[in-house]
*Asks:* 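The structure follows.
Counting convention: from 1, in listed order, for ligands and their atoms alike.
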Amino acid sequence: MACDFYQLATPGAQGLHPYQPGKPVEELERELGIKDSIKLASNENPQGPSEAAIAAIQASLSDSCRYPDASGFKLKQALSAHYGISVDSITLGNGSNDVLDLIGRAFLLPGDEVIYSQYSFVVYMLVTQSSGASAVVVPARDWGHDLEAMAAAVTEKTRLIFLANPNNPTGTWFSDQAMRAFMAKVPENVIVVLDEAYLEYVAEPDYMSGLGLQNDYPNLVVTRTFSKALGLAALRVGYAVADPAITDLLNRVRQPFNVNIPALEAAVAVLGDSEYLQRSVDLNRAGIQQLEQGFTQLGLSWIPSVGNFITVDCGCDAAPIYAGLLQEGVIVRPVANYQMPEHLRVTVGLPEENARFLSALARVLKLTSGKADTL
Ligand code: PMP
């Protein structure tokens, strides 16, 4: 009889549901036989990569026969100079997903508890489950983190807490003051991971990066990415900033060559391209306004977002609307897997992409509400 390999797997792997990425444009076009579709589904940067990053990638290609620098010396130096952080506090990852995974591998055992919020980034659940630890999911408040309830959920078994500021998929955020009050309540032997994947987009005066709190709270790990405002999602570069002992542990479980040469070079280049970042942020701000105006005209409500995406309330099952948008060649992100079956998350695109999405949405809503009337 054939072996049931599922039985051989760890309980963590057995129970996992794989990450569902946004649908690739090529897949949609293959399936529907259409062309010129747009993807507003993965919170990518719509303006293309920085010219400086492209030049650095091209220049690095002749080194493709070499292994990358396993220590990522040059990028760590650049990050250190750019943000005033020490080199021995940085762990580089193959995207920040990799860093989140390293944290789980370094710190979690079956029986440990991991706290995160309802409606928070799905990778926290994947990291928790794959290690065999138990998730403690704290109900959200107004779609965002209820930091008071999260602090109150800490038990002797709590090993890790994941926070996202801003949060994906809701785009909510919390203030520096709220974060300080939270950290003051969390025991020093509980690792708090603050995921700042979307920080560059936030303009709220009360918003602060967690980097400034790490002297007071060495148990605070900040994670960041080059995939969003810095426009390098394909290359997979992210990093954690943490206490040197935590950093040492993360580097022990890290694969030595986890960030490739073009990625290392492009990341250094884009850090020096402040105009690119400013354009990303400006384009995003205008795009958020454009989408909000469009939703208002369509009579839809949305969750106010400080990220590069907005989650809109369809006021009915969002699945047929998602499917209708696909027919129109517009890919957005269903969030039913986040227990938000009536919402769709849309990434801010170029102005013309936002306009195309809004007019497709208007047509699809009309069609689906027409169907509902005839039922
Ligand atoms: N954190 C959050 C909150 C995210 O939304 C994402 C990307 N969707 C990531 C981390 C991971 O991004 P990457 O691995 O590309 O750095």
Side-chain angles (χ1 to χ4, degrees), residues 18-24 39-46 49 53 72 75 79 90-105 114 116-128 140 143-145 160-174 192-202 207 209-210 221-241 250 254-255 258-260 262-264 266-267 270-271 280 284 303 305-311 331-335 337-338 340 343 345-348:
Y19 181 78
Q20 288 178 334
K23 197 175 186 65
K39 181 180 169 204
L40 302 174
S42 297
N43 300 346
E44 295 154 340
N45 193 317
L75 177 54
L79 285 166
I90 304 169
T91 307
L92 299 180
N94 194 260
S96 56
N97 274 352
D98 185 29
V99 170
L100 296 170
D101 193 56
L102 295 180
I103 297 168
R105 282 204 278 133
V114 179
Y116 51 88
S117 174
Q118 182 187 19
Y119 314 128
S120 59
F121 185 43
V122 69
V123 167
Y124 313 148
M125 181 270 280
L126 292 178
V127 169
T128 305
W143 302 106
H145 291 24
L160 263 184
I161 304 176
F162 285 111
L163 305 176
N165 198 22
N167 186 47
N168 171 26
T170 57
T172 52
W173 66 284
F174 49 81
V192 177
V193 180
L194 179 61
D195 178 343
E196 296 186 339
Y198 301 94
L199 117 138
E200 294 92 343
Y201 294 112
V202 191
Y207 177 88
S209 162
V221 178
V222 172
T223 64
R224 296 214 183 144
T225 183
F226 282 82
S227 300
K228 308 297 176 185
L230 297 173
L232 295 177
L235 295 185
R236 316 303 301 125
V237 201
Y239 59 100
V241 185
L250 298 184
R254 182 178 66 86
Q255 293 286 328
N258 62 338
V259 187
N260 65 65
L264 290 168
V270 76
L271 272 185
S280 299
N284 190 62
I303 305 171
S305 170
V306 295
N308 66 342
F309 55 89
I310 304 195
T311 297
I331 309 172
V332 297
R333 187 63 154 262
V335 280
N337 61 327
Y338 287 95
M340 300 171 73
H343 286 81
R345 191 194 69 190
V346 55
T347 301
V348 174

*Asks:* Only heavy atoms of Ser227, strictly under 4.0 Å: list the atoms of ligand 1 that pass.
*Replies:*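 So the answer, numbered in order with elements, is 13 (P), 15 (O), 16 (O).
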*Asks:* Using a strict cut-off of 4.0 Å, indicate which atoms of ligand 1 neighbour a heavy atom of Arg236.
*Replies:*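 Near Arg236, meaning under 4.0 Å from one of its heavy atoms, ligand 1 has 13 (P), 14 (O), 15 (O).
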*Asks:* Give the atom numbers and elements of ligand 1 that come within less than 4.0 Å of a heavy atom of Gly95.
*Replies:*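 Near Gly95, the atoms of ligand 1 are 14 (O), 16 (O).
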*Asks:* Ring-plane angle category for Phe309 and Tyr198, please: parallel below 30°, perpendicular beyond 60°, tilted otherwise.
*Replies:*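 If you compare the ring of Phe309 with that of Tyr198, the planes turn out perpendicular.
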*Asks:* Check contact between Asp195 and ligand 1, using heavy atoms of the residue and a distance below 4.0 angstrom.
*Replies:*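 It does; at least one heavy atom falls under 4.0 Å.
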*Asks:* Can you report which non-hydrogen protein atom sits closest to atom 8 (N) of ligand 1, along with the distance?
*Replies:*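 Protein heavy atom with the smallest distance to atom 8 (N) of ligand 1: Lys228 NZ, 3.3 Å.
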*Asks:* With a cutoff of 4.0 Å, is Phe226 in contact with ligand 1, counting heavy atoms of the residue only?
*Replies:*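 It does not, in that no heavy atom of Phe226 comes within the 4.0 Å cut-off of ligand 1.
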*Asks:* Is the ring centre of Trp143 less than 6.0 Å from the ring centre of His343?
*Replies:*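 Yes, the ring centres sit under 6.0 Å apart.
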*Asks:* Minimum heavy-atom separation for Leu100 to Phe162, with atom names?
*Replies:*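 The pair with the smallest heavy-atom distance is CD2-CE2, 4.0 Å.
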*Asks:* Could you tell me whether Lys228 and Glu44 have a side-chain N and a carboxylate O separated by less than 4.0 Å?
*Replies:*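 Salt bridge flag = no for Glu44 with Lys228.
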*Asks:* So which heavy atom in the protein is nearest atom 12 (O) of ligand 1, and how far is it from that ligand atom?
*Replies:*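 That would be Ser96 OG, 3.5 Å.
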*Asks:* Would you check whether Asn97 has a nitrogen or oxygen atom less than 3.5 angstrom from a nitrogen or oxygen atom of ligand 1?
*Replies:*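 Checking ligand 1 against Asn97, an N or O pair does fall under 3.5 Å apart.
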*Asks:* If we ignore hydrogens and angles and just use 3.5 Å, is the side chain of Asn308 paired with the main-chain N or O of Ala229 as donor and acceptor?
*Replies:*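 It does not hold such a pair.
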*Asks:* Among all protein heavy atoms, pick the one closest to atom 6 (C) of ligand 1 and tell me residue, atom and distance.
*Replies:*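 Ranking protein heavy atoms by distance from atom 6 (C) of ligand 1, first comes Phe121 CZ, 3.4 Å.
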*Asks:* Can you list the ligand 1 atoms lying under 4.0 Å from a non-hydrogen atom of Thr225?
*Replies:*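 Answer for ligand 1: 13 (P), 15 (O), 16 (O).
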*Asks:* Show the atoms of ligand 1 that are less than 4.0 angstrom away from any heavy atom in Asn168.
*Replies:*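 Result: 3 (C), 4 (C), 5 (O), 8 (N).
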*Asks:* For Glu196 versus Gly210, what's the shortest heavy-atom pair and its separation?
*Replies:*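 Nearest pair, atom of Glu196 first, then Gly210: OE2-N, 2.6 Å.
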*Asks:* Which heavy-atom pair separates Thr172 from Ile303 by the least distance, and what is that distance?
*Replies:*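 Thr172 and Ile303 have their closest heavy atoms at CG2-CG2, 4.1 Å.
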*Asks:* If every non-hydrogen atom of Asn94 is compared with every non-hydrogen atom of Asp98, which pair is closest and at what distance?
*Replies:*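 Scanning both residues completely, I find the closest heavy atoms to be N-OD2, 2.8 Å.
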